[in-house]
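Per chain, numbering begins at 1; letters A, B, ... match sequence-line order. In this text, all values refer to a predicted model and were calculated from it rather than measured experimentally.
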Amino acid sequence: MSGDHSHNDSQIDSGSRHNDSHKHKDKYKDKEHKHKDHKKDKEREKSKYSNSEHRDSSDKKHRDKDKERLKLKDGSSDKQKDKHKEKKKEERSFDGKPKKEKENGFESAEFKPKKIKTEEREKKAKKREQEEEDIKPKKKTKVKKGEAVTDGKKKAKKEPEEKWKWWEEERYTDGVKWKFLEHKGPVFAPPYEPLPSNVKFYYDGKHMKLSPGAEEVATFFAKMLDHEYTTKDVFRKNFFKDWRKEMTSEEKSKLTDLNKCDFSEMSEYFKAQSEARKAMTKEEKLKIKAENERILQEYGFCVMDNHKERIANFRIEPPGLFRGRGDHPKMGMLKRRIRPEDIIINCSKDSNHPKPPPGTKWKEVRHDNKVTWLVSWTENIQGSIKYIMLNPSSRIKGEKDWQKYEMARRLKKCVDRIRAQYREDWKSKEMRIRQRAVALYFIDKLALRAGNEKEEGETADTVGCCSLRVEHLTLHQEMDGQEYVVEFDFLGKDSIRYYNKVPVEKRVFKNLQLFMEDKEPEDDLFDRLNTSILNKHLQELMDGLTAKVFRTYNASITLQQQLNELTTSEDNVPAKILSYNRANRAVAVLCNHQRAPPKTFEKSMQNLQTKIDAKKEQLADAKRELKSAKADAKVRRDEKSKKAVESKKKAVQRIEEQLMKLEVQATDREENKQIALGTSKLNYLDPRISVAWCKKLGVPIEKIYNKTQREKFAWAIDMAEKDYEF
DNA sequence: AGTAAGACTTGGAACAATTTTA
DNA sequence: TAAAATTGTTCCAAGTCTTACT
């Protein structure tokens, strides 16, 4: 501590530090789980009411509603105004009325949708809706082959030819998420089909016929037999406990030891089934595909306000055994079957309400337009709520996503100030402020997650920044020629290991020593801090700021910097893409997005190398040929041999290019072995950076984003120009 | 202030579809 | 043209953060 001049560390008010450091342990509570009832596997018929019919009536209605929506932006009747002050400011800058964006000067041009006349817009929408009823899109010919097959039915609604540009429209400014919502409810998991009688279960070597309820749960286990986790103690214990609950009393008294259960015939049966599925004829496969398409058309879309939108997960999760990730205390527990009676439907009052399957009832139908979900139910493992929501391509998700990046860009404008502030706070005489400042430094520098407290025993033991424990870091005064190195080693989200050795500022180092003084390994590092305190502080530094904004900001700014550094316009397209992937990778490394190396990794690298070698040889051949052609041309001096030289030259060039491409591919793949790019691409990188980069360097957007991604980022693709700057 | 519920984003793996290779 | 490799999609768990409550 000698080097810390400004304050004497011992003066720090550390209060009852030691006492609360076990707070995360103190509140163990066993959550009551709702009782389960999986025995009622009822046959269900899908209710089939005419699509076009209910649309007609509703269309008019929600067109009117949309007008209301537009009016809302003036928002004078907002009763929640005071409470949501901050939000309102944010959203106002959003909706093209930037005038009162006084305070931080954070208003951003990109956030303002271009204004278009409302009547005009309505007309357009109307036209589109009509078209969509009866004609196929003509221009969009690039359509997927798969769908053409299913065109038989007249009902199938076609995509509007012109995609709706929601980003050019006004947004809701209060908590309202929609004015009109209509959908058909969820698709339930298919009912349990009992095993054929020749597939037997044995207990202690003896055949035993199980009751349907017990049999179903047994099949869940049988299907997982190849997985390592069925050998884990916790898994087996949890499974057996829950399985017994499904048994008849007779079964319960007989089946007392899981080790004596023989599921192998079941397991074989399911393997055979999946083989059979693979071996199906083309026709059979097509039939299944068509049926899936039909279900998608019927249940996969909803009407929200004026528009038909894709639903993300319209199927209810089927029953099965909970696996969880990492060392989860609940692994193996039975995830119960969800029935209509468990389901809460959310839709607008004046819509056609979804009908429960015949003979059943919904738990509840509500009309809450302050939320975005269509369907919810309570899951029995953690007692948490699951939702059916819209696809990322939908307006409601897209707006939120856009907003997220705008928030990150606002942080960009004041991050220097905030950094200066927390560095200053490292010297504070208050312990809680120092802790807050060091934690924030980690969140900023290392892109750590906030780290909410978790209930012990309910989940795997993982941590984020605020929940770090003393045992998760080791301090090295000096290491590998660097001073003040902190070695992190902990399990983060999804039990992914975070391991990193980071040189830090001396003052941070000293602070960490102080925080760790007199603590046990399992004590909290930041005993005077939690996410709610931290976020409250961030809120004061910038309107709307929370811990996760730093991840978004640092990810996006890193991508932009890396792209600037790595790419030249002279490069060819494959080289540019390699650079893009490298920039993307830098972000993934920052965010610690790891994956298990693909099982086929080694082999696929080998294959590539073989290809490269072959290509090299081919190149050598081509060069030889070129040489001899040249010699030949020198002697003969006629047109024909000159031409031959030219074509050989071309060949060499072509092969060189191919070789280059292969080598680039190999590099890319090798570097990507343990890195997962998907998450950062989808959730952290402002898509407008990528779009602008593509436009600037003449890289087709398809090389960077696949179809789904282009749908999700349609707003960015449409609005970002080549000079966009994050 | 602390806690629980609720809503929504983020995450890697499993699975399915498509493309490439032998 | 099957099967291997690769890419795209779905699945559903696990986070973050806000809100309601006491």
Side-chain angles (χ1 to χ4, degrees), chain A residues 20 23 26-27 29 31 80 83-84 86-87 144-146 175 177 227 274 277-279 285 288-289 292 312-318 320 322-326 328 330-331 335 344 346 368 370-373 376 378-379 381-387 389-392 396-397 400-401 404 449-455 458-460 462-467 492-496 530-536 538-539 544-549 551-552 588 591-596 598-601 603-605 607-608 610-611 665 669 675-680 682-684 705-709:
Chain A
D20 356 356
K23 59 192 171 197
D26 291 342
K27 43 177 175 226
K29 225 192 250 164
K31 259 194 208 156
Q80 283 184 304
K83 259 189 154 179
H84 300 276
E86 314 83 19
K87 226 187 227 157
K144 335 83 208 182
K145 306 157 225 160
K177 303 294 169 62
H227 264 109
S274 89
R277 225 171 303 128
K278 273 187 225 155
K285 282 183 181 167
I288 291 172
K289 205 171 167 188
N292 280 335
N313 56 325
F314 55 91
R315 288 172 200 276
I316 299 280
E317 295 172 18
F322 177 82
R323 177 36 179 109
R325 298 198 252 265
H328 199 115
K330 298 193 171 186
M331 64 170 82
K335 213 171 89 166
I344 301 175
N346 193 32
D368 182 356
K370 296 273 203 288
V371 297
T372 68
W373 53 268
S376 76
T378 301
E379 155 266 0
I381 303 291
Q382 323 266 1
S384 64
I385 306 170
K386 300 259 189 170
Y387 303 94
M389 292 183 187
L390 297 194
N391 199 66
I396 212 157
K397 293 291 183 188
K400 201 79 186 299
D401 207 36
K404 173 181 77 188
R449 296 185 186 82
N452 284 305
E453 291 128 291
K454 306 165 78 187
E455 259 182 294
E458 296 289 302
T459 61
T462 63
V463 298
C465 186
C466 294
S467 51
K493 183 180 180 185
D494 295 318
S495 294
I496 302 283
N530 61 37
T531 53
S532 134
I533 294 171
L534 178 66
N535 279 334
K536 222 161 270 165
L538 292 176
Q539 194 61 233
L545 186 62
T546 63
K548 87 186 185 83
V549 179
R551 252 169 101 80
T552 313
C591 295
N592 199 40
H593 290 144
Q594 298 186 18
R595 63 167 181 177
K599 288 197 172 60
T600 56
F601 186 84
K603 196 155 61 137
S604 105
M605 276 320 276
N607 291 164
L608 240 179
T610 320
K611 266 199 206 165
Q665 209 187 342
R669 191 175 302 176
I675 313 285
L677 299 184
T679 296
S680 49
L682 234 47
N683 299 303
Y684 287 104
Y705 292 136
N706 67 29
K707 182 162 82 66
T708 327
Q709 295 169 156

Please state whether the phosphate of C:dA13, meaning OP1 or OP2, lies under 4.0 angstrom from any side-chain nitrogen or oxygen of A:Lys330.
no

May I ask you to verify if any side-chain N or O of A:Gln382 is less than 4.0 angstrom from the OP1 or OP2 atom of C:dA13?
no

Tell me what A:Gly464 touches on the nucleic acid: a base, only sugar-phosphate, or nothing, going by heavy atoms under 4.0 Å.
nothing

Output yes when at least one side-chain N/O atom of A:Thr546 is less than 4.0 Å from OP1 or OP2 of C:dT16, else no.
no

Could you go over nucleotides 20-22 of chain B and give all protein N or O partners under 3.5 Å, atom names and distances?
from   : atom 1 : to       : atom 2 : distance (Å)
B:dT21 : OP1    : A:Lys611 : NZ     : 2.5

Any salt bridge between A:Lys335 and A:Glu379, counting N to O under 4.0 Å?
no

Integer-rounded Å distance: B:dA16 C1' and A:Asn706 CG:
14 Å

Round to a whole Å and report the spacing from NE2 of A:His328 to P of C:dA13.
9 Å

Separation of atom CD1 in A:Ile344 from atom P in B:dA5, rounded to whole Å
14 Å

So, is A:Thr459 near the phosphate of C:dA13, with a side-chain N or O under 4.0 Å from OP1 or OP2?
no

Pairwise 5' ranking along DNA chain C for A:Arg315 and A:Leu545, keeping only the more 5' one
A:Arg315

When the distance from CG of A:Leu677 to C1' of C:dT6 is rounded to whole Å, what number comes out?
15 Å

Annotated protein contacts, base or backbone, on nucleotides 6-15 of chain B with a non-hydrogen cut-off under 4.0 Å, one of B, S, - each
SBBSBBSSS-

To the closest 0.5 Å, what do you measure between CD (A:Glu458) and OG (A:Ser384)?
10.5 Å

When all nucleic acid strands are considered with a 4.0 Å heavy-atom cut-off, which category describes A:Ala460: base, sugar-phosphate, or nothing?
nothing

Within the structure provided, determine whether A:Asn313 and A:Lys386 are in side-chain contact (heavy-atom separation under 4.5 Å).
no

Between C1' on C:dA14 and CD on A:Glu455, what's the gap in Å once rounded to a whole number?
14 Å

Within the 4.0 Å heavy-atom criterion, would you say A:Asn313 contacts the bases, only the backbone, or no part of the nucleic acid?
nothing

On the nucleotide C:dG15, are OP1 or OP2 found under 4.0 Å from the side-chain N or O atoms that A:Asn452 carries?
no

Atom OH of A:Tyr705 and atom P of C:dT7: how far apart are they, to the nearest Å?
18 Å

Under 4.0 angstrom, heavy atoms only, what part of the nucleic acid is A:Pro392 near: base, sugar-phosphate, or nothing?
nothing

With DNA chain C as reference, determine whether A:Ser604 or A:Asn535 sits nearer its 5' end, using the nearest nucleotide of each.
A:Ser604

I want to check one thing: is the phosphate of C:dG15, taken as OP1 and OP2, less than 4.0 Å away from some side-chain N or O of A:Thr462?
yes

For A:Arg277, which contact category applies under a 4.0 Å heavy-atom criterion: base, sugar-phosphate, or nothing?
nothing

